[in-house]
Amino acid sequence: MINSSNFLCADNASNYRVIEVPEETALRIKVNEGDVSVAFWEVTEENFQQCSILNGKSIIPLHTADGFILLEEMLSLGNNYFLAIVNDLAAKAMPTLRVNMTVKASICIEEKNGLQCSGRGQCITKPSAAAFYCDCEEGHIGLFCEEFDGCSSLQCQNNATCLDVKQGNTERNFTCVCSP
């Protein structure tokens, strides 16, 4: 029987993880070899802070040879709080891994080519951002980094403003607009 009185929930960094992942992502948890079993509980934020499984939901992840996988179907957009109670039979202890997992929408894959950030950028997020987004390589712009930026390396003369002519990734056309 697992209850909050017979497991350890330390506030140290080794037992606490904050993870941000794009939607449709599974989480793999690797367990060091040994005679251990793990019980996973999905809990509220309050119970997560208190390290309590009271009113939590026991979940059964996919078991692998070296750990467990929380499938994407088990994760909802937004914050997901898990307590993983490790029953280490050899050490006769039950330390708890606390996982605060934020699942964010991903706007990095364009349906027409299926490539993440058109292969010309990196799908990233920031703690303050609501979604993962494309951070384009230099010389590319657009929501999916699909457009070559004709103004990236060429500068107009006489303080003119460079305007990129949108035509995809094959042409490097731009227009200079001079000040009156």
Side-chain angles (χ1 to χ4, degrees), residues 1-111 113-137 142-145:
M1 173 79 181
I2 297 174
N3 62 50
S4 57
S5 64
N6 64 358
F7 63 87
L8 307 171
C9 201
D11 279 336
N12 61 32
S14 66
N15 291 11
Y16 186 93
R17 297 287 183 265
V18 177
I19 303 167
E20 293 182 330
V21 298
E23 60 190 322
E24 299 180 12
T25 300
L27 175 66
R28 181 181 186 140
I29 299 174
K30 195 169 182 177
V31 178
N32 293 334
E33 291 186 35
D35 193 10
V36 299
S37 63
V38 181
F40 288 87
W41 294 83
E42 185 174 14
V43 296
T44 64
E45 181 179 11
E46 181 181 349
N47 285 353
F48 178 81
Q49 297 299 333
Q50 296 172 358
C51 200
S52 171
I53 59 173
L54 188 65
N55 298 322
K57 178 177 136 188
S58 175
I59 59 171
I60 302 171
L62 181 65
H63 190 269
T64 65
D66 62 349
F68 302 90
I69 297 176
L70 294 176
L71 300 172
E72 62 239 30
E73 300 87 37
M74 298 174 168
L75 307 170
S76 58
L77 281 175
N79 292 321
N80 295 266
Y81 300 98
F82 298 99
L83 298 176
I85 303 166
V86 181
N87 189 359
D88 186 343
L89 301 174
K92 296 184 179 168
M94 293 179 70
T96 301
L97 172 64
R98 299 185 326 160
V99 179
N100 174 356
M101 184 173 187
T102 303
V103 179
K104 295 182 175 183
S106 176
I107 52 173
C108 294
I109 298 180
E110 185 179 22
E111 287 188 30
N113 70 15
L115 293 174
Q116 181 171 292
C117 300
S118 300
R120 298 179 194 96
Q122 198 172 21
C123 189
I124 64 167
T125 190
K126 295 180 181 172
S128 61
F132 278 76
Y133 58 91
C134 291
D135 182 26
C136 302
E137 294 172 353
L143 185 61
F144 304 107
C145 306

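Numbers for residues simply follow the sequence, beginning at 1. These figures come from a predicted structure and were not determined experimentally.
Residues Asn100 and Asn79 meet the side-chain proximity criterion, which asks for heavy atoms closer than 4.5 Å. Looking only at side-chain heavy atoms (C-beta outward), Val43 and Ser52 stay at 4.5 Å or farther from each other. Residues Asn55 and Thr44 have side chains not in contact (no heavy-atom distance under 4.5 Å, counting atoms from C-beta outward). Residues Trp41 and Ser58 form a side-chain contact, since some pair of their non-hydrogen atoms from C-beta on lies under 4.5 Å apart. Considering only heavy atoms from C-beta on, Asn80 stays 4.5 Å or farther from Leu70 through its side chain. Proximity of Leu27 to Ile19: side-chain heavy atoms (C-beta onward) are separated by under 4.5 Å at one or more points. Residues Leu97 and Val38 form no side-chain contact, since every pair of their non-hydrogen atoms from C-beta on lies 4.5 Å or further apart. Contact of the Glu72 side chain with the Thr25 side chain is not registered, since no non-hydrogen atoms from C-beta on lie closer than 4.5 Å.
In this structure, the separation between CD1 on Ile60 and CG on Leu71 is 12.0 Å, given to the nearest 0.5 Å. Distance check: Leu77 CG to Glu24 CD gives 9.5 Å after rounding to the nearest 0.5 Å. In this structure, the separation between OH on Tyr81 and CD on Glu45 is 3.5 Å, given to the nearest 0.5 Å.
In plain terms, the two heavy atoms of Phe132 and Val21 that are nearest each other are CE1-C, 3.2 Å. Nearest heavy-atom pair, Thr96 versus Cys51, reported as atom, atom and distance to 0.1 Å: CG2-SG, 4.2 Å. Of all heavy-atom pairs spanning Ile59 and Phe82, the tightest one is CD1-CE2, 3.4 Å. Heavy-atom minimum distance, Arg98 versus Gln49: NH1-O, 3.4 Å. Among all heavy-atom pairs drawn from Asp135 and Ile124, the shortest one is CB-CD1, 3.6 Å. Heavy atoms only, all atoms of each residue included: Cys145 and Cys117 are closest at CB-O, 3.6 Å.
Under the rule for a ring-ring contact (aromatic ring centres under 6.0 Å, His included), Tyr133 has no partner lying at least two apart in sequence or in another chain. Residues passing the side-chain contact (heavy atoms from CB on, under 4.5 Å) test with Ala105, sequence neighbours excluded: Glu23, Ala131.
Counting heavy atoms of neighbouring residues, nucleotides and ligands inside a 6.0 Å radius, atom CD of Gln122 does not exceed 12 of them.
In this pair, His63 and Phe68 present their aromatic rings perpendicular. The plane angle is above 60°, beyond the 30 to 60° band.
A donor-acceptor pair under 3.5 Å is formed between the side chain of Lys104 and the backbone N or O of Ala129.
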